[in-house]
Amino acid sequence: MNIIRRRGWEMPESLATPEHLFFNRRALLGAAAGAAAAGLVPGHAFAQRLTDQPDPSMDLYPGKRNEKYTLDRPVTDEKINGNYNNFYEFNSSKQVAKQAQALKIRPWTIKIDGMVEKPFEIGIDDLVRKFPIEERLYRHRCVEAWSMAVPWSGFPMAKLVELAKPLSSATYVRMETFLDKSIAPGQKQSWFPWPYVEGLTVKEATNELTFLATGAYGKPIAKQHGAPIRLAVPWKYGFKHIKSIVRVSFTDKQPRSYWQDLQDSEYGFWANVNPEVPHPRWSQANEELIGLGERRPTLLFNGYGEFVADLYKGMEKERLWA
Ligand SMILES: Nc1nc2c(c(=O)[nH]1)N[C@H]1C(S)=C(S)[C@@H](COP(=O)(O)O)O[C@H]1N2
Ligand SMILES: [Mo]
């Protein structure tokens with residue numbers, strides 16, 4: 001007999017409320033096509049893994065822990081975190097880790113352009129050695145009402161902004177994920193607005209909390225978490241935490257993100273965590289702590305108000321919370 005067991009934190013489908021809309025016909029058709037394509041990929045992913053070189057940045061991790069950022073819950077078990085991910089480029093289920101191994105993370109170049117003194121490109125191994133790597137324990141709150149606690153390693157985004165030398169007229173940063181259908185089957189689904197794009201104001205990007213994670217759990221960041229470099233903005237919903245970044249552009253126009261493009265009425269630009277403002281389809285009042293089988297009330301700004309509340313003073317009329 002085939003008994004399907006659910007662990008406590010694996011919510012039934014009806015509660016899991018995936019980010020994208022199942023009643024959207026294009027997405028519905030897409031989910032079916034994606035599942036079919038998924039069957040073909042693990043072999044490919046495995047072959048890629050066998051040919052991977054040892055990570056050349058291994059010696060940098062975990063970096064000295066920055067004790068300023070503390071948790072109110074235990075760090076999520078690495079195995080649990082590494083097997084419950086969101087990475088639509090590979091597939092739109094949480095079981096994406098295996099397929100994500102197809103991502104090729106060397107060579108990896110990040111383009112810095114737009115309103116900067118001089119556009120340039122930089123290889124990931126040059127970038128990670130420009131600044132001291134530190135470790136920070138951050139909470140992560142997905143818009144789907146689950147959360148984790150993660151030991152990221154990396155450097156503040158403010159350092160990258162400084163390196164980029166934006167013009168004083170640049171007010172926003174737009175970030176882009178890789179685009180390569182040959183390794184990422186999700187990107188063959190043309191009704192999704194690839195590549196994945198996210199944005200911040202330059203003020204947000206240079207806030208002390210805003211972090212570029214190149215490592216996690218004391219080593220180079222795993223592919224399913226967005227290797228070799230992803231964003232961590234712990235006061236915002238998880239979808240702002242763009243993975244596998246290849247381009248950082250400075251602009252004076254508010255960037256339109258992947259999720260806004262997909263469903264503007266549900267996913268706004270600011271996306272700050274607020275337990276009192278429900279998502280149009282579910283409450284944000286509390287969250288499932290993945291791996292702990294526990295639900296807890298969600299905190300305003302995910303508990304990071306002391307660092308970021310000032311950023312939003314006088315913006316009460318804006319849609320700050322969805
Ligand atoms: N490029 C890209 N970045 C992404 C996503 C994605 O699908 N593609 N999903 C986002 C969402 S919704 C969440 S909750 C987090 C999940 O990060 P994790 O898998 O490391 O927990 O990544 C975010 N960044
Ligand atoms: Mo998410």
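Quantities reported herein were computed from a predicted structural model and do not represent experimental measurements. When reading the values below, keep in mind they use all heavy atoms of this one structure, side chains included, and skip hydrogens, waters and symmetry mates.
- One N or O on the side chain of Gln260 and one on the backbone of Ser257 form a donor-acceptor pair closer than 3.5 Å.
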What verdict does the side chain to side chain contact (heavy atoms under 4.5 Å, CB included) test give for Thr76 and His140, after you've listed the backbone C-alpha separation in whole Å, the side-chain angles of each residue and the deciding distance to 0.1 Å?
CA-CA 10 Å; Thr76 305; His140 177 92; over 6 Å; no

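- Under the 30°/60° scheme for interplanar angles, the aromatic rings of Trp146 and Tyr84 are found to stand perpendicular.
- Around the CD atom of Glu162, the shell of radius 6.0 Å holds no more than 12 heavy atoms that belong to other residues, nucleotides or ligands.
- Of the possible donor and acceptor atoms, none in the side chain of Tyr138 sits under 3.5 Å from a partner among the backbone N and O of Trp235.
- By the 6.0 Å and 45° rule, Lys243 stacks over the aromatic ring of Phe87.
- Using modelled atom types, one side-chain atom of Tyr61 and one backbone atom of Thr214 make a donor-acceptor pair closer than 3.5 Å.
- Between the CG atom of Asp180 and the CD atom of Glu89 there is a distance of 11.0 Å, given to the nearest 0.5 Å.
- Between Arg296 and Asp72 a salt bridge is recorded (basic side-chain N to carboxylate O distance below 4.0 Å).
- Going from atom CZ of Phe178 over to atom CH2 of Trp194 covers 8.0 Å, rounded to the nearest 0.5 Å.
- In this structure, Met115 and Asp252 have side chains that are in contact, with non-hydrogen atoms separated by less than 4.5 Å.
- Atoms OG and NZ, from Ser244 and Lys104 in turn, are 14.0 Å apart once rounded to the nearest 0.5 Å.
- Closest approach of Pro74 to Ala149, counting heavy atoms only: O-CB, 3.5 Å.
- Between Leu200 and Val233 the shortest side-chain heavy-atom distance falls below 4.5 Å.
- When the side chains of ILVMFWY residues are joined at heavy-atom separations under 4.5 Å, either directly or via intervening members, Met58 and Ile229 end up in two distinct hydrophobic clusters.
- Here Lys64 pairs with nothing under the salt bridge (Lys or Arg N to Asp or Glu O under 4.0 Å) rule; sequence neighbours left out.
- Of the possible donor and acceptor atoms, none in the side chain of His279 sits under 3.5 Å from a partner among the backbone N and O of Ala322.
- No side-chain heavy atom of Pro132 sits less than 4.5 Å from a side-chain heavy atom of Phe155.
- Nearest heavy atoms, Arg141 versus Asn286: NH2-O, 3.5 Å.
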Between Asn302 and Tyr237, does the side chain to side chain contact (heavy atoms under 4.5 Å, CB included) criterion hold? Intermediate values first, please.
CA-CA 9 Å; Asn302 201 21; Tyr237 290 116; over 6 Å; no

Gln284 and Asn274: CA distance, side-chain angles, deciding distance, side chain to side chain contact (heavy atoms under 4.5 Å, CB included) verdict:
CA-CA 7 Å; Gln284 296 290 23; Asn274 186 341; over 6 Å; no

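- Of the possible donor and acceptor atoms, one in the side chain of Arg230 sits under 3.5 Å from a partner among the backbone N and O of His225.
- Of all heavy-atom pairs spanning Ser153 and Ile133, the tightest one is CB-CG2, 3.9 Å.
- A salt bridge links Arg129 to Asp59: at least one charged side-chain nitrogen sits closer than 4.0 Å to a carboxylate oxygen.
- Both Phe131 and Ile124 are part of a single hydrophobic cluster, where members link through side-chain heavy atoms under 4.5 Å apart.
- The shortest side-chain heavy-atom distance between Asn81 and Val150 falls under the 4.5 Å cut-off.
- Atom-to-atom distance recorded for Arg247:CZ and Glu176:CD is 5.0 Å, nearest 0.5 angstrom.
- Remark: aromatic rings of Tyr267 and Trp259 are close, center separation under 6.0 Å.
- Using a 4.5 Å heavy-atom cutoff, the side chains of Asn272 and Leu320 are in contact.
- Annotation: the span from Ile183 atom CD1 to Gln99 atom CD amounts to 11.5 Å, rounded to 0.5 Å.
- The aromatic rings of Tyr172 and Phe269 lie perpendicular to each other, with more than 60° between the two planes, well past the 30° mark.
- Here Arg136 pairs with Glu134 in a salt bridge; the nearest charged N to carboxylate O distance falls below 4.0 Å.
- One finds no salt bridge joining Glu287 and Arg295 here, because no Lys/Arg side-chain nitrogen approaches an Asp/Glu carboxylate oxygen to under 4.0 Å.
- Side-chain atoms of Lys223 come within 3.5 Å of backbone N or O of Gln101 as a donor-acceptor pair.
- For Tyr88 and Phe192, the ring centers sit closer than 6.0 Å to each other.
- Taking the six-membered ring where the residue is Trp, the centroids of Trp152 and Tyr217 are separated by 6.0 Å or more.
- Between Arg65 and Glu135 there is a salt bridge, since a side-chain N of the basic residue sits under 4.0 Å from a carboxylate O of the acidic one.
- With respect to the salt-bridge test (charged N to carboxylate O, under 4.0 angstrom), the residues Glu204 and Lys236 qualify.
- Under the 4.5 Å side-chain criterion, counting only non-hydrogen atoms from C-beta, Met157 is in contact with Met175.
- Under the 4.5 Å side-chain heavy-atom criterion for ILVMFWY residues, no single connected hydrophobic cluster contains both Val197 and Val161.
- In terms of modelled atom types and a separation under 3.5 Å, the side chain of Ser283 and the main chain of Pro278 share no donor-acceptor contact.
- Between Phe307 and the options Tyr69, Phe211, Phe301, a ring pair (Phe, Tyr, Trp, His ring centres under 6.0 Å) holds for only Tyr69.
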If you apply the rule salt bridge (Lys or Arg N to Asp or Glu O under 4.0 Å), what do you find for Lys68 with Glu208, and how did you get there?
CA-CA 11 Å; Lys68 189 167 177 191; Glu208 66 166 280; 3.0 Å; yes

Mind running side chain to side chain donor-acceptor pair (under 3.5 Å) on Asp113 and Ser249 for me, showing each step along the way?
CA-CA 5 Å; Asp113 66 359; Ser249 313; 2.6 Å; yes

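- Side chains of Leu127 and Leu163 form a contact here, defined as non-hydrogen atoms less than 4.5 Å apart.
- Nearest heavy-atom pair, Lys240 versus Gly199, reported as atom, atom and distance to 0.1 Å: NZ-O, 2.8 Å.
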Can Ile122 and Thr109 be said to form a side chain to side chain contact (heavy atoms under 4.5 Å, CB included), step by step?
CA-CA 6 Å; Ile122 186 165; Thr109 306; over 6 Å; no

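- The nearest pair of heavy atoms linking Leu103 to Ala227 is CD2-O, 3.5 Å.
- Counting heavy atoms from C-beta on, the side chains of Val116 and Leu167 never come closer than 4.5 Å.
- Following chains of ILVMFWY side-chain contacts shorter than 4.5 Å, one can reach Tyr304 starting from Tyr312, so the two form part of one hydrophobic cluster.
- With rounding to the nearest 0.5 Å, the separation of CG in Asp77 from CG in Asn83 is 9.5 Å.
- When hydrophobic clusters are built by joining Ile, Leu, Val, Met, Phe, Trp and Tyr residues whose side-chain heavy atoms come closer than 4.5 Å, directly or via intermediates, Leu71 is not grouped with Leu299.
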